[in-house]
Amino acid sequence: MERVAIIDLSTEQVVLKNIPDDLLRLYLGGEGLNTYLLYNHLAPGTDPLSPDNPLIFGAGLISGYDVSSSRFEVTSKSVEGEGGFGTSNCGGHWSAELKFAGFQHLVIKGKASRPTYLWIHDGEIEFRDASFLWGHDTYECQELIQDDLGDTQVKIAMIGQAGENLVKFANIMHGLKRAAGRTGMGCIMGSKLLKAIVVRGRQGLKPHDPDKLLDIYANHYRQITSTKIYPVISRYGTLTIFCVANQSGTMSVRNNQSNYFEEAEGHLDDEIFEEQYKTKTLACYACPLRCSHRYRINSGPYAGVWGEGPEFYMMAGFGPAVGNADWELILAANTIINRYGLDVGSSSGYIAWLMELWQRGIIDEKDTGGLNLEWGNKESILTLLHQMAKNEGLGGMIGQQASKAVKAFSPEAGKYLYVQRGMMHESPQNFRAARATALGEATANRGSDHLKGRCSLEFFGMPPEVLQKIYGKPIASALNSWDGKPWMAAWTQNFTTVIDSLGYCKFATIWPGSTHNLNYSNFCETINAVKGWDVTPEELMEAGERIWSLERLFIQRETGALREHDIPPSIYFQPQPLEPLKGEKLDRDEYNRALDEYYEIRGWTREGAPTPETLARLKLDREPSNLL
Amino acid sequence: MRAEENKFVEQKTFFIRAEFCTGCGLCQLACSMVKEKQPNPAKSRISIERLVMDGLMLPHICLNCKKPACIDACRRKAITKDSRTGWVTIDREKCNNCTLCIAACPFSAIVLTPENEVLLCDVCGGSPKCVEMCPTGAIQFASRSEGVAGSTDGAAVNVFDS
């Protein structure tokens with residue numbers, strides 16, 4: 001029986017509850033059950049930084065059971081952006097360990113009276129003093145905790161100084177690089193004076209049919225390791241996306257002013273990283289994809305810098321987006337943001353914005369405190385990161401204000417800030433040419449979210465027959481056609497939501513564009529062997545839809561912002577300046593028609609709210625049902 | 001003398017290539033599912049020491065020593081080495097979980113479960129699931145006399161240059 005622990009930091013009390021099977025089947029775990037818990041435990045209108053805002057951790061339903069099932073979700077009312085739905089997914093070893101420790105979900109309420117960390121081991125939950133950890137970065141924090149507990153094998157989710165100092169885009173970090181980023185989950189953790197959640201689990205999981213599960217597990221292993229994407233992703237990880245994205249003209253260069261970064265050629269690519277900096281390949285729990293890398297810089301101005309990562313996002317965000325073609329700066333910045341626990345997307349996005357303001361003369365040295373914000377100025381980039389985490393100077397102001405920082409400058413500045421739902425336009429790529437992806441990202445519940453809305457199969461010009469087979473409806477092969485794309489966007493959002501609820505890694509599924517990877521039918525095999533249910537792909541798809549619509553209800557309740565916030569940033573409606581894909585842009589009328597179609601598919605009104613019929617169909621009419 | 005009599009005795013055992021270990025624990029998951037019918041790394045016959053800060057992942061599994069220290073340490077003669085296959089196994093009927101073998105093993109290859117039960121790898125009768133499930137070849141099962149191909153020596157490179 002899966003359990004949730006309701007932990008009150010104010011009173012240091014814990015209540016344990018078993019999750020009823022029918023509720024589990026409706027919401028699965030991870031993102032799904034987290035959303036249920038948030039909707040039920042948060043009093044409407046609660047301030048995100050109030051002790052009453054619950055911070056909810058959830059391991060996936062099948063985390064620990066299957067290949068690549070390493071992921072957990074952190075959910076709360078967002079503190080970044082406009083206070084809507086806050087959620088983030090993170091890999092590593094923490095999720096499975098939480099399951100082995102006897103819990104699937106943690107609901108953390110209240111605020112500790114002193115810096116605290118939670119020590120969760122084999123069914124026990126202890127509140128421990130974290131005064132000696134406060135002020136330390138994530139690298140130091142881990143070593144100190146290992147010493148404090150006398151155990152080097154603990155798994156730790158923690159905040160760095162960014163979370164302590166309430167930076168609006170602070171992450172919760174795990175290991176040296178694993179991050180639950182976006183929507184300021186680390187900031188909320190900091191506001192509760194909760195430094196870390198340390199987990200050690202040695203209890204076994206009890207699958208319904210262990211023999212079948214072993215077969216399924218071996219089959220999934222063979223399936224994942226025999227795809228065409230496997231040799232690439234296991235060697236380069238997400239870095240391999242960089243050259244493809246750049247050469248296909250979808251890169252954000254200098255805050256989206258251009259879509260191809262010529263300076264990157266011969267300087268920024270995955271092979272150079274492997275040859276010059278990579279020291280070790282690492283993996284998340286039970287994952288053969290091993291996409292994580294250690295690195296070390298041996299000479300030059302950043303000699304001695306080491307760390308883990310970086311991902312494509314880091315490479316693009318601190319590369320073309322800020323006009324930089326130096327790998328070593330990217331690695332140095334990566335170490336800094338991981339130690340502080342800053343979000344890569346927001347921090348690089350705001351720096352890119354400031355640099356465009358500098359380029360256009362909208363801000364000068366008086367605004368920057370003397371920093372020279374020319375494109376690619378390495379010293380200034382790193383200084384801004386330090387300032388953000390420590391809440392000092394211009395960077396500190398950005399970190400505290402996020403998108404509201406626009407008020408600090410002249411009105412002209414807002415023209416170049418590409419935000420949606422108050423969230424920095426996330427992806428350092430720009431998908432205005434890709435219609436399903438543009439729509440899928442813009443309608444994502446946390447705003448501008450490539451991890452929910454990116455329809456990777458859209459980019460490969462696949463034959464209509466293949467697309468029909470996967471999506472069950474006719475989808476146009478052409479990137480810039482709208483035909484079938486609203487369905488593709490909704491389908492993908494449901495799919496990614498199911499993945500994040502089950503705890504699988506998206507890269508082990510068909511999501512990144514590998515059609516032979518895990519799909520709904522494979523998920524069903526595992527779930528049914530683990531739980532003894534008879535789940536079908538249709539039921540899972542509906543679960544994804546249910547969770548998605550509950551998130552929508554949450555946004556409606558907390559912000560009231562629906563249709564008007566489902567529009568991509570203004571840059572999407574301006575033509576791309578460079579080949580390839582030169583001249584591509586979204587057309588407002590076409591976009592609005594697609595949005596209508598998308599709402600219709602979802603069973604929402606033209607304003608973007610779920611209709612009563614949809615709520616009844618998805619069994620959401622009973623919420624909040626307060627069953628946990 | 002016939003040709004086959006000139007061959008060395010064929011015995012297979014595990015070879016650990018720690019530099020290839022990513023710390024994923026697929027081997028542990030496979031082992032605990034085969035042996036215990038449950039996903040539980042703590043009951044796997046393999047343990048992985050994860051030195052997170054160093055990025056070093058150290059898998060420990062029984063190497064079927066030529067002269068096993070665990071056998072000498074066991075007072076109940078519960079551990080034996082098969083003279084033909086060379087495999088070292090534990091007789092759970094005789095074992096009283098005293099853990100002397102764990103203290104004696106120089107390779108940290110014997111596991112103590114949360115319930116204080118002593119576990120030792122039995123090579124799954126010669127086709128170990130963990131090896132099948134290792135994506136990088138960090139754990140291999142090969143002939144003792146042939147070993148596994150490739151250098152395991154990263155330390156000697158450029159020592160005097162750097």
Side-chain angles (χ1 to χ4, degrees), chain A residues 62-70 93 96-97 99-100 122 139 142-143 146 152-156 175-176 200-207 209-211 213-215 217-218 221-222 224-225 230 234 279-294 296 298 306-308 530, chain B residues 17-44 46-60 108 111-117 119 124 127-138 154 157-158 161-162:
Chain A
I62 53 105
S63 266
Y65 286 101
D66 199 6
V67 181
S68 303
S69 65
S70 66
H93 291 263
E97 198 78 16
K99 294 287 275 269
F100 295 135
D122 292 333
Y139 287 17
Q142 296 179 71
E143 291 191 289
Q146 288 178 6
T152 57
Q153 303 302 300
V154 292
K155 313 293 188 287
I156 308 171
L176 297 192
R200 184 90 163 94
R202 313 215 307 151
Q203 300 177 351
L205 305 178
K206 295 178 183 63
D209 188 341
D211 293 327
L213 183 64
L214 179 59
D215 281 347
Y217 161 73
Y221 174 83
R222 278 191 286 274
I224 292 171
T225 54
Y230 171 72
S234 62
T279 57
K280 174 83 184 178
T281 301
L282 293 166
C284 296
Y285 172 80
C287 191
L289 294 175
R290 56 182 187 280
C291 66
S292 197
H293 311 120
R294 285 291 166 91
R296 187 178 176 85
N298 286 323
W306 67 286
E308 194 176 324
V530 166
Chain B
R17 312 285 301 274
E19 70 276 28
F20 294 130
C21 181
T22 65
C24 71
L26 277 162
C27 54
Q28 292 181 301
L29 184 55
C31 179
S32 62
M33 296 235 272
V34 169
K35 294 294 173 193
E36 303 285 333
K37 306 279 182 196
Q38 56 170 263
N40 186 2
K43 287 195 173 181
S44 161
I46 308 162
S47 62
I48 302 174
E49 203 178 339
R50 294 187 176 90
L51 303 178
V52 173
M53 303 311 290
D54 308 270
L56 192 58
M57 303 293 145
L58 302 170
H60 301 290
S108 308
V111 169
L112 189 67
T113 69
E115 293 84 28
N116 296 319
E117 189 186 12
L119 300 179
C124 288
S127 49
K129 196 76 175 171
C130 54
V131 171
E132 198 187 306
M133 287 293 186
C134 179
T136 63
V157 177
N158 287 332
D161 292 344
S162 57

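Convention: sequence-line order gives letters A, B, ...; per-chain numbering from 1.
For A:L213, the parts sitting under 4.5 Å from any heavy atom of chain B are the backbone and the side chain alike. For chain A, no part of B:S32 is nearby; none of its heavy atoms comes within less than 4.5 Å. Contacts of B:K43 with chain A are absent, with no heavy-atom separation under 4.5 Å from either backbone or side chain. Contact of A:D66 with chain B is made through the backbone alone, with heavy-atom distances under 4.5 Å. When heavy atoms are compared at a cutoff of 4.5 Å, A:Y65 approaches chain B by way of both its backbone and its side chain. Both the backbone and the side chain of B:E132 have a heavy atom closer than 4.5 Å to some heavy atom of chain A. The contact between A:Y221 and chain B is made entirely by side chain atoms (from C-beta outward), counting heavy-atom distances below 4.5 Å. Residue B:Q28 does not touch chain A at all, counting heavy-atom pairs closer than 4.5 Å. Of the atoms belonging to A:A96, not a single heavy atom falls under 4.5 Å from chain B. Heavy atoms of A:Y230 lying under 4.5 Å from chain B belong exclusively to its side chain. If you measure heavy-atom distances from A:E308 to chain B, you find no contacts under 4.5 Å at all.
No other option in A:K206, A:Q142, A:H93, A:Q203 has as many heavy-atom pairs under 4.5 Å with chain B as A:H93. Contact count against chain B (heavy-atom pairs under 4.5 Å) is highest for A:D211 among A:T279, A:L289, A:D211, A:T152. Contact count against chain B (heavy-atom pairs under 4.5 Å) is highest for A:A283 among A:G175, A:P207, A:A283. Contact tally against chain B (heavy-atom pairs below 4.5 Å) for A:S70, A:S234, A:C287: the top residue is A:C287. Comparing B:V52, B:L51, B:V34 by how many heavy-atom pairs each has under 4.5 Å with chain A, the most go to B:V52. The candidate from B:C134, B:A42, B:P39, B:G55 with the greatest count of non-hydrogen atom pairs under 4.5 Å with chain A is B:P39. Among the candidates A:Y285, A:Y217, A:F100, the residue making the largest number of heavy-atom pairs closer than 4.5 Å to chain B is A:Y217.
Between A:P288 and B:L26, the shortest heavy-atom distance links the atoms N-CD1, 3.7 Å. Taking each heavy atom of A:A218 and B:M133 in turn, the nearest pair found is CA-CE, 3.1 Å.
Atoms CE and CH2, from B:M53 and A:W306 in turn, are 4.5 Å apart once rounded to the nearest 0.5 Å. With rounding to the nearest 0.5 Å, the separation of NE2 in A:H293 from OG1 in B:T22 is 10.5 Å. For the atom pair A:R294 CZ and B:D54 CG, the distance stands at 8.0 Å (nearest 0.5 Å). Remark: A:D209 CG to B:K37 NZ distance equals 9.0 Å, nearest 0.5 Å. Between the NZ atom of A:K280 and the SG atom of B:C21 there is a distance of 6.5 Å, given to the nearest 0.5 Å.
Between A:Q153 and B:R50 there is a side-chain heavy-atom pair separated by less than 4.5 Å.
One finds no salt bridge joining A:R202 and B:E115 here, because no Lys/Arg side-chain nitrogen approaches an Asp/Glu carboxylate oxygen to under 4.0 Å.
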